[in-house]
2 protein chains.
Amino acid sequence: MADLLVKDAAQLAYYPDYDAKEPQFISGGSLAIAEGKIVALGETREVVDAIQRPQEVIEARGCLVTPGLIDSHTHLVFAGSREDEFVRRMAGESYLSIASEGGGILSTVHATRQASEEELTELGNARLASMLACGTTTVESKSGYGLDMESELKCLRVTERLRELQPIRLVSTFLGAHAIPPEYKADRGGYVRLITDEILPRVAEEGLAEFCDVFCDAGAFTVQEMETILLRAKELGFSLKAHLDEFENLGGVEVATRLGVTSVDHLSKSGREEARACARSGTVATFLPATTFHLGESDFADARTFIEAGAEVAVASDFNPGSAYCENLSASIILSCAYLHMRPREILRAMTVAGALALNIGDGRGVFKEGAPADVVVWNAHSWNYLVYHWGVNLLKRVIVGGKVVI
Amino acid sequence: MADLLVKDAAQLAYYPDYDAKEPQFISGGSLAIAEGKIVALGETREVVDAIQRPQEVIEARGCLVTPGLIDSHTHLVFAGSREDEFVRRMAGESYLSIASEGGGILSTVHATRQASEEELTELGNARLASMLACGTTTVESKSGYGLDMESELKCLRVTERLRELQPIRLVSTFLGAHAIPPEYKADRGGYVRLITDEILPRVAEEGLAEFCDVFCDAGAFTVQEMETILLRAKELGFSLKAHLDEFENLGGVEVATRLGVTSVDHLSKSGREEARACARSGTVATFLPATTFHLGESDFADARTFIEAGAEVAVASDFNPGSAYCENLSASIILSCAYLHMRPREILRAMTVAGALALNIGDGRGVFKEGAPADVVVWNAHSWNYLVYHWGVNLLKRVIVGGKVVI
């Protein structure tokens, strides 16, 4: 007996398995769920024959049904907002001049350090609710606005608390190496040692993060500093990620893929060599077009070169208060089509299966198949192509996480 | 006695009058409404003292309150959707090759001609409901997918019926000169005469449109054809508009402003000369960044040149099935900031007061002042700057049209 039947979708998107490069679409498809998992999917008649008396039916006539979106790169936990700085920046003021007056990332660090765990939890909770209402059912959350032992642990504990508050699934990443904190401005090495010798072991001990990430770029951490931090994180059992080539190509992708990172993210200044390194090593290349867009830039990353090289390509929101204040991953669908030149099926994969791979998720999430967790979105759209084409409004109709109807 | 009090807004945006270039912002402001009009606005204490016992109070604590948005350029009434064509175009296929197979604008013309008045009304009604839910309280609606007497009249009658179905306010525009219909491919002059001698007089007689618009560009109508059509429309008492300089600058802005058009729209290929012509003649320059964005282009119009020349600048959605399938004008806020380089106050004006001017609306809509119609939006945002900065989600909380709470 099925708990839930999602019935008669105009289009049902699924993957035969993780290895299938392209999703398949069934017209007039249905999906049956029992005990939180998908138990049958296919043409409506076949599914209805295979199960008996579903307890609940969601009519999906005229609708598109897809796996819940997986947003594999966000900076979820922070306090404060930086709209006035954004407005100054868009009016032509330089980021450096804003940062020199205490603006930029350090203004968020200041506000986040000041905020209580309760305040941060409330903020994070509202953001997760909004993400879920936009179709995201799994989201990665990075720390990185604390930049000291106490504040980084506080942010990671907030992420733990948020797991209890929202049905959305969370993956936690430690990003102590997001920026050099003001108190270490004259002692970069000291901050790197604080991370490797004190904070990372404590985060590992408390089991507060699955991933360790480093922001390696001009103005952030060097390739060597990244290597030092990621090697230590690897020893401690973390999976690895790196922010790379957003502002400058420092050659970090080659190094990161050799270290065995699960994903390399941003890649605005990457090219064929980096694409080949990802394809060779099986590293997921994660693009964040919302950041380029938010800042009004035109040099969108060259995702096609990665796709053509055979790399696994994910797209994530990069939700953060400085350069992408948009928690809605589905807003990046049109960006991926229009500015990353990705085909609709590639975009769907990038926000489902590839997102799961970027987060080392192997439980079948992102794939509709028998036995996979039932994370499902029903959209007011008759096809995935239509969802790409009709942008700027939220076409979400229903959300199911782990077999439970949450919206 | 007030019917309604919108109370304690974190920020209340208003214009002292139409001529005030920039909106003003009151922190902790309130707004009182009676008989559909604004009767008081200012700091909460002053407003509360000025009125007595409001029948209803909307708490706006923590919220931004603005005039309802005015979307002065949309192609609202059509049937069919063109997502597959869009996907092919984004994959590199040329518009010409798609059009030669019956795609492009003529596929919408075909579907619209086939559709009944009831079908078109149902489609338009759903689109208007969505626009209202995104904060638009006045919208212009163009015909232009009928391209023959019967079908153009059908679309304009649909617009009339929609006025009864939705609280959103409508302005109707006749755009018979949107494209040369297939049956006149070999006889352009014949189609221009059909418009000037038959359709326009009939539209005037039936009072079905306030404006007459012409699409003057490469692949559409020539400057001379535009002049012929607009002169005839002027004789018949229509106000005038023109689509200009989207693909090529044919010199039409100069001609249109001399003819006394209320607005010139698109202007992607316009420059200083066109800006000066608008400023000199008082013609509203209407920018449509959603179109450039939807097609993944980078050559956004040069709105700053128009602003600096002193022209009145509006921003509209250009909602249409070919190049901007987004009925949400507020999605163009971030586009105007990031890619048209407009300042937040300029954007607010462009979507309220300037939208009203582009539609010859003189009843005070778009301006919060005593005596103006009470079209009001309450946003889940603490400031207008925050609404610019936090994009990709619908932050709308309440909508009031003519003093009635409709959302």
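Atom set for the values below is all heavy atoms of this structure, side chains included, hydrogens, waters and symmetry mates excluded.
In this structure, a donor-acceptor pair under 3.5 Å is absent between the side chains of B/Y386 and B/H382. Side-chain contact of A/T66 with A/W379: a donor-acceptor pair under 3.5 Å is present, judged by distance alone. In this model, no donor atom of one side chain and acceptor atom of the other lie less than 3.5 Å apart for A/Q11 and A/S27.
Contacts between A/T292 and chain B at a heavy-atom distance below 4.5 Å involve the backbone alone (N, CA, C, O). Residue A/F293 touches chain B through both its backbone and its side chain, counting heavy-atom pairs closer than 4.5 Å. For chain B, the nearby parts of A/H294 are the backbone and the side chain; heavy atoms of each come within less than 4.5 Å. When heavy atoms are compared at a cutoff of 4.5 Å, A/N394 does not approach chain B at all. Heavy-atom distances place both the backbone and the side chain of B/S81 under 4.5 Å from chain A. Looking at A/R82, the atoms closer than 4.5 Å to chain B (heavy atoms on both sides) sit in the backbone and in the side chain alike. A/S383 touches chain B through its side chain: at least one heavy atom from C-beta onward sits under 4.5 Å away, while N, CA, C and O do not. At a 4.5 Å heavy-atom cutoff, A/A133 makes no contact with chain B through either its backbone or its side chain.
Within the model, atoms CG of B/L288 and CD of B/E246 stand 8.0 Å from one another, a figure rounded to the nearest 0.5 Å.
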Is there a side chain to side chain donor-acceptor pair (under 3.5 Å) between A/D71 and A/T136 once you walk through the steps? CA-CA 7 Å; A/D71 190 349; A/T136 299; 4.8 Å; no
Applying salt bridge (charged side-chain N to carboxylate O under 4.0 Å, His left out), run through A/R127 and A/E122 and close with a yes or a no. CA-CA 9 Å; A/R127 290 169 193 152; A/E122 202 178 310; over 6 Å; no
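Among A/G392, A/S298, A/C326, the residue with the largest count of heavy-atom pairs under 4.5 Å with chain B is A/C326. Your options are B/F300, B/F86, B/W391, and the one with the most heavy-atom pairs under 4.5 Å with chain A is B/W391. Contact tally against chain B (heavy-atom pairs below 4.5 Å) for A/E297, A/M342, A/H341, A/R89: the top residue is A/E297. Counting heavy-atom pairs closer than 4.5 Å to chain B, the top residue among A/N385, A/D84, A/N328 is A/N385. In terms of heavy-atom pairs under 4.5 Å with chain B, the best-connected choice from A/E327, A/M90, A/H390 is A/H390. Most heavy-atom pairs under 4.5 Å with chain A, from the set B/P344, B/A331, B/S332, B/A338: that is B/A338. Of the listed residues B/A290, B/S330, B/C134, the one with more heavy-atom pairs under 4.5 angstrom with chain A than any other is B/A290.
The pair B/R88-B/E83 does not count as a salt bridge, with every side-chain nitrogen at least 4.0 angstrom from each carboxylate oxygen. A salt bridge is absent between B/E59 and B/K397; no separation between the charged side-chain nitrogens and carboxylate oxygens falls under 4.0 Å.
Under the 6.0 Å cut-off for aromatic ring centres, B/F78 and B/F319 qualify, their centroids lying closer than that. Two rings, from A/F306 and A/F287, have their centers less than 6.0 Å apart.
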